[in-house]
Protein chains: 2
Amino acid sequence: MSGKEIRRSMPLFPIGTVMQLTELTARQIRYYEEHELISPARTDGNRRLFSLVDIDRLLEIKDLIDQGINMAGIKQLLLVKEQQANVIQQQAEKAKQELTDDQLRNLLRQELQQAGRFNRSSLRQGDMSRFFH
Amino acid sequence: MSGKEIRRSMPLFPIGTVMQLTELTARQIRYYEEHELISPARTDGNRRLFSLVDIDRLLEIKDLIDQGINMAGIKQLLLVKEQQANVIQQQAEKAKQELTDDQLRNLLRQELQQAGRFNRSSLRQGDMSRFFH
DNA sequence: ATCATGTGTTAGATTTTCTAACATGGTTTT
DNA sequence: AAAACCATGTTAGAAAATCTAACACATGAT
């Protein structure tokens, strides 16, 4: 159920590693946190610790910045996407129970198209996937 | 080809994170490095940076330690396993080119059984897999 | 022309990690 | 039994990484 998400949201990386992975400066990363685009965990000693989810999100943010969107816009976009993702996941779960495989495939395809219409970066899984497995 | 391995061997984690993930002390981790059971990368400032491969290896080491095996023994075991893994991978590659899918499945099953006979922990992928995806 | 935004830069404090050394409780070896 | 060895704990001092806060600056909006 939530096992996967717990893992992907496990705080693991210090800001230095995240800088390399995302090619953002520490200043930028902290600024985005200040504007609540991300909420990295903290160590006992107050150092930031980022999860894979955080990093995916930062890569998305970078992408949106490159598209000229400002903090407020990005915040909204990320919010909407989150909601969409939730809805879609719920639907998928319902679908799994109620639909045949064939119908399910169809539904997912539709959702993917719909998502593609709205955002450049995918809903499913952030770009971090290129770093692992 | 080697893309996957590059990713899994990408130096990402500082020792603090590795301590939590493996439940080993810094002293232990450094000691194992001293005895060349692992070779973590270093930052420009000489801090250790561990990869997923390193962490998998540390979990294996921990397991072997728990079984009462000493440094020398562990070193040899890890070496042998590495070689085995290489051989198996080479065979698998050759197999992919030469065999039908059916034959390939058979070969892999055999190899898995063979591996299981020798080591408790699997050859394929370390325990870290439980943290991601 | 002024203001707001996003980022750069700097300073001083704090946390984390580093190496090296010594301490210690179990095992072997003598 | 004493000595030596092994894996780990602990400590000290130095160096690196990160933190917050402040000020600087270029660009685009009002």
Side-chain angles (χ1 to χ4, degrees), chain A residues 10-52 54-55 57-79 120-121, chain B residues 10-55 57-79 121:
Chain A
M10 189 183 291
L12 295 175
F13 308 97
I15 202 169
T17 299
V18 177
M19 289 171 65
Q20 292 190 186
L21 254 28
T22 61
E23 297 181 275
L24 292 167
T25 66
R27 183 66 165 95
Q28 287 177 299
I29 296 169
R30 296 192 192 112
Y31 187 72
Y32 303 152
E33 182 189 19
E34 194 179 337
H35 286 263
E36 300 179 283
L37 303 186
I38 50 172
S39 300
R42 297 284 182 138
T43 66
D44 289 341
N46 199 37
R47 269 81 237 274
R48 272 165 268 253
L49 271 194
F50 299 78
S51 67
L52 289 174
D54 290 326
I55 293 174
R57 212 173 160 89
L58 283 170
L59 290 171
E60 266 190 282
I61 292 170
K62 199 186 179 193
D63 211 63
L64 297 174
I65 290 264
D66 286 347
Q67 294 173 52
I69 305 171
N70 67 8
M71 295 296 107
I74 294 175
K75 193 165 180 178
Q76 284 312 306
L77 273 172
L78 292 179
L79 250 172
R120 286 219 313 157
S121 37
Chain B
M10 190 184 289
L12 295 175
F13 308 97
I15 201 169
T17 299
V18 177
M19 289 171 64
Q20 291 190 185
L21 253 29
T22 61
E23 298 183 273
L24 293 167
T25 66
R27 184 69 166 91
Q28 287 177 299
I29 296 170
R30 295 192 192 112
Y31 187 70
Y32 302 152
E33 181 188 21
E34 195 179 336
H35 286 263
E36 299 179 285
L37 304 186
I38 51 171
S39 300
R42 299 283 182 136
T43 66
D44 289 343
N46 199 37
R47 269 84 234 276
R48 272 166 267 254
L49 270 193
F50 299 79
S51 67
L52 289 174
V53 170
D54 290 325
I55 292 174
R57 212 173 159 90
L58 282 171
L59 291 170
E60 266 191 281
I61 292 170
K62 199 186 178 193
D63 211 61
L64 297 174
I65 291 263
D66 285 347
Q67 295 173 51
I69 305 171
N70 67 7
M71 295 296 107
I74 294 175
K75 194 165 179 178
Q76 284 313 306
L77 274 172
L78 292 178
L79 250 172
S121 37

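Given the structure is predicted, the values throughout are model-derived calculations rather than measurements. The analysis underlying the following values was restricted to heavy atoms, covering all of them including side chains, and did not include hydrogens, waters or symmetry mates. Naming: A, B, ... by sequence-line order, numbering from 1 per chain.
In this structure, NE2 of B:His35 is placed 13 Å from P of D:dC5, rounded to the nearest angstrom. Atom CZ in A:Arg27 sits roughly 11 Å away from atom C1' in C:dT5 (whole-Å rounding). The distance between atom CD of B:Gln28 and atom C1' of D:dT10, rounded to the nearest whole Å, is 14 Å. Following rounding to the nearest Å, A:Glu33 (CD) and C:dG6 (P) show an atom-to-atom distance of 16 Å. In this entry the distance linking CD1 of B:Ile15 with C1' of D:dA15 reads 15 Å, nearest Å. Remark: P of D:dT8 and OH of B:Tyr32 are 3 Å apart, rounded to the nearest angstrom. Across the protein-nucleic acid pair, A:Ile74 atom CD1 and C:dG6 atom C1' stand 10 Å apart, rounded to whole Å. Between A:Met71 atom CE and C:dT5 atom P there is a gap of 11 Å when expressed in whole angstrom units.
Heavy atoms of A:Asp44 sit nowhere under 4.0 angstrom from any nucleic acid atom.
A:Leu21 CG to B:Met10 CE: the interatomic distance, rounded to the nearest 0.5 Å, is 6.5 Å. Atom-to-atom distance recorded for B:Met71:CE and B:Ile65:CD1 is 3.5 Å, nearest 0.5 angstrom. To the nearest 0.5 Å, atom CD1 of residue A:Ile61 and atom NE2 of residue A:His35 are 11.5 Å apart.
The base of D:dA15 is paired with the side chain of B:Arg47 by a donor and an acceptor separated by under 3.5 Å.
Residue A:Arg48 has a polar side-chain atom (N or O) positioned under 4.0 Å from OP1 or OP2 of D:dT20. Side-chain nitrogen and oxygen atoms of A:Thr43 include at least one within less than 4.0 Å of the OP1 or OP2 phosphate oxygen of C:dT16. Contact annotation: A:Thr25 side-chain N/O to C:dG8 OP1/OP2 distance is under 4.0 Å. Distances shown here put a side-chain N or O of A:Tyr31 below 4.0 Å from the OP1 or OP2 atom of C:dG6. Phosphate proximity of D:dG9 to B:Arg30: absent, as no side-chain N or O sits under 4.0 Å from OP1 or OP2.
Annotation for A:Glu34: atom CD counts as buried by contact number, over 12 foreign heavy atoms lying within 6.0 Å.
Judged purely by atom type and a 3.5 angstrom limit, A:Asp54 uses its side chain to pair as donor or acceptor with the backbone of A:Ser51.
Comparing A:Ile69 and B:Ala26 against DNA chain C, the residue whose closest nucleotide sits nearer the 5' end is A:Ile69.
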